[in-house]
**Student:** 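Sharing a structure with you now.
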Amino acid sequence: MNPIVICTHASQKKAIQANLIRNQLSLLTTQTPLSTIATKLDVVLLKIPKSLQEFRLYLQHIVHNSTEDLVVICAFMTRHFSSKFLTISQEYFEDVEQSKALKKARLLTLKKKKATPIVEPIISIPYKSTTYKQYWGVFSADHIDYATQYFLHHVDVNASDQCVLDIGSGNGIIANEIYKQNPNVEMHLMDNSFLAIASSKLNIQGETIHHHWYDNLSIFEDQQFDLIVSNPPFHNDYEIDIQTTLNLFKECRRCLKVSGSLQLVANKHLNYKTHLERTFAVVETVSENQKFIIYKCSVS
Ligand SMILES: C[S@@+](CC[C@H](N)C(=O)[O-])C[C@H]1O[C@@H](n2cnc3c(N)ncnc32)[C@H](O)[C@@H]1O
């Protein structure tokens, strides 16, 4: 048997490889949910993701890269159950069977795959004069996120900014809107999600544009930026989790030029100011409304 792992998050891929090394197991072949898989799949184990569109994307990928005898065993926590799990599964499989709960978790077993057409797993989202494209399951599928739109009204880009980083770049909208204003910049986009990076590649390309599928700033060991922008993540699956973001803010300090700034938008209730003040010499509130707040931070 030659198992493969389909990874969507760079952090997942790193954790799996680290655990295999720690347990002296051989490294596994990793693929992405957009790769064509050379060896057809017989059995697939899948944790159902929070995004139903992402679930649909996985099922389409699995069905079109598998043998006729394919069996997919999906796991989920009972409290996250949605009848849409069943509806989507039934689009791709004749047999969809749900197990009883065990320790608050359940399985869905999917057998007898249906003959389904391959649909391009991409949606379009208009924003001003641009139409953004993104893969199923990427952040904010129905519209450009309202925090992002608010940020784009207030972000302060200087004509002299040469090197810009967008952290948690999603479909690339923030990077692209800045790039449109200032096409001479070297622009870096970084996101933990493979599907986000694959989406940003559809929306912003060029010799000075760099897309990074990664989850922290260690890849920028020797690089410093004039401007770092972000609409940072604050969820880990179903839970609110700001720790990853706070770690990213700390790393930003090292990666900012002395004259540079980190500008970010956040939901007000997250109260990032106290945390940012521990890391940056200056933390300004650029704008706020009932829901969102924009900070500008600098090291001097
Ligand atoms: C709030 S969304 C913003 C997306 C995009 N910038 C926008 O405005 O539409 C946050 C993004 O951060 C990404 N993300 C989560 N953890 C990350 C990490 N450790 N490093 C980089 N990106 C991360 C998510 O995949 C998601 O695309």
Side-chain angles (χ1 to χ4, degrees), residues 7-15 32-33 49-51 53-54 57 123-128 130-155 164-180 187-204 209-220 225 227-252 254-255 262-270 272 291-295:
C7 278
T8 327
H9 292 103
S11 49
Q12 262 173 354
K13 189 172 167 179
K14 279 194 306 189
T32 74
K50 184 177 165 194
S51 154
Q53 283 300 325
E54 194 174 336
L57 181 137
I123 53 162
S124 296
I125 308 177
Y127 178 73
K128 295 189 174 169
T130 306
T131 298
Y132 285 90
K133 290 185 166 188
Q134 63 185 49
Y135 283 94
W136 295 349
V138 170
F139 174 75
S140 199
D142 302 331
H143 56 269
I144 296 299
D145 179 52
Y146 297 121
T148 300
Q149 296 192 30
Y150 185 59
F151 185 65
L152 288 170
H153 275 112
H154 295 280
V155 62
V164 178
L165 167 65
D166 179 359
I167 298 179
S169 45
N171 66 14
I173 178 164
I174 296 178
N176 191 48
E177 294 295 316
I178 292 175
Y179 183 64
K180 284 198 301 193
M187 179 66 77
H188 293 259
L189 298 88
M190 185 191 83
D191 203 291
N192 189 25
S193 154
F194 174 82
L195 293 170
I197 288 297
S199 304
S200 63
K201 286 181 181 168
L202 301 173
N203 295 318
I204 169 169
I209 309 295
H210 307 273
H211 301 263
H212 308 273
W213 178 33
Y214 213 61
D215 68 328
N216 65 59
L217 273 57
S218 59
I219 44 171
F220 302 113
F225 298 94
L227 173 62
I228 302 181
V229 287
S230 191
N231 174 0
F234 62 97
H235 284 109
N236 186 358
D237 270 351
Y238 293 88
E239 318 298 334
I240 289 197
D241 169 20
I242 60 166
Q243 196 49 53
T244 308
T245 300
L246 297 182
N247 293 343
L248 287 166
F249 292 161
K250 282 188 198 143
E251 289 190 285
C252 285
R254 172 179 60 74
C255 293
L262 161 67
Q263 296 180 37
L264 64 106
V265 63
N267 279 45
K268 258 183 163 170
H269 67 84
L270 295 171
Y272 282 142
K291 214 165 164 207
F292 306 120
I293 184 156
I294 297 174
Y295 299 110

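Hydrogens, waters and symmetry mates are skipped; everything else that's a heavy atom, side chains included, is used. Remember, it's 1-based here, ligands and their atoms both numbered in the order they're listed.
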**Student:** Quick one: does Phe225's side chain get under 4.5 Å of Val164's, heavy atoms only?
**Tutor:** no
**Student:** Could you tell me which residues satisfy salt bridge (Lys or Arg N to Asp or Glu O under 4.0 Å) with Lys180, sequence neighbours excluded, listed by chain and number?
**Tutor:**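 Lys180 satisfies salt bridge (Lys or Arg N to Asp or Glu O under 4.0 Å) with Glu177 once adjacent residues are dropped.
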**Student:** Measure the spacing between OG1 of Thr8 and CG of Asn192 and express it to the nearest 0.5 Å.
**Tutor:** 9.5 Å
**Student:** Quick check with a 6.0 Å cut-off and a 45 degree axis cone: is Lys13 positioned over the face of Tyr214's six-membered ring?
**Tutor:**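 No - Lys13 does not lie over the ring of Tyr214 by the 6.0 Å and 45° rule.
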**Student:** Who's touching ligand 1 if we go heavy atoms under 4.0 Å?
**Tutor:**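 Correct list: Phe139, Thr148, Gly168, Ser169, Gly170, Ile173, Ile174, Met190, Asp191, Asn192, Ser193, Tyr214, Asp215, Asn231, Pro232, Pro233, Thr244.
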**Student:** Could you tell me if Glu251 and Asn247 have a donor-acceptor pair between their side chains, going purely by distance under 3.5 Å?
**Tutor:** no
**Student:** Determine yes or no for a side-chain-to-main-chain donor-acceptor pair under 3.5 angstrom, with Gln134 supplying the side chain and Phe139 the backbone.
**Tutor:**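 Judged by distance alone, yes, a pair lies under 3.5 Å.
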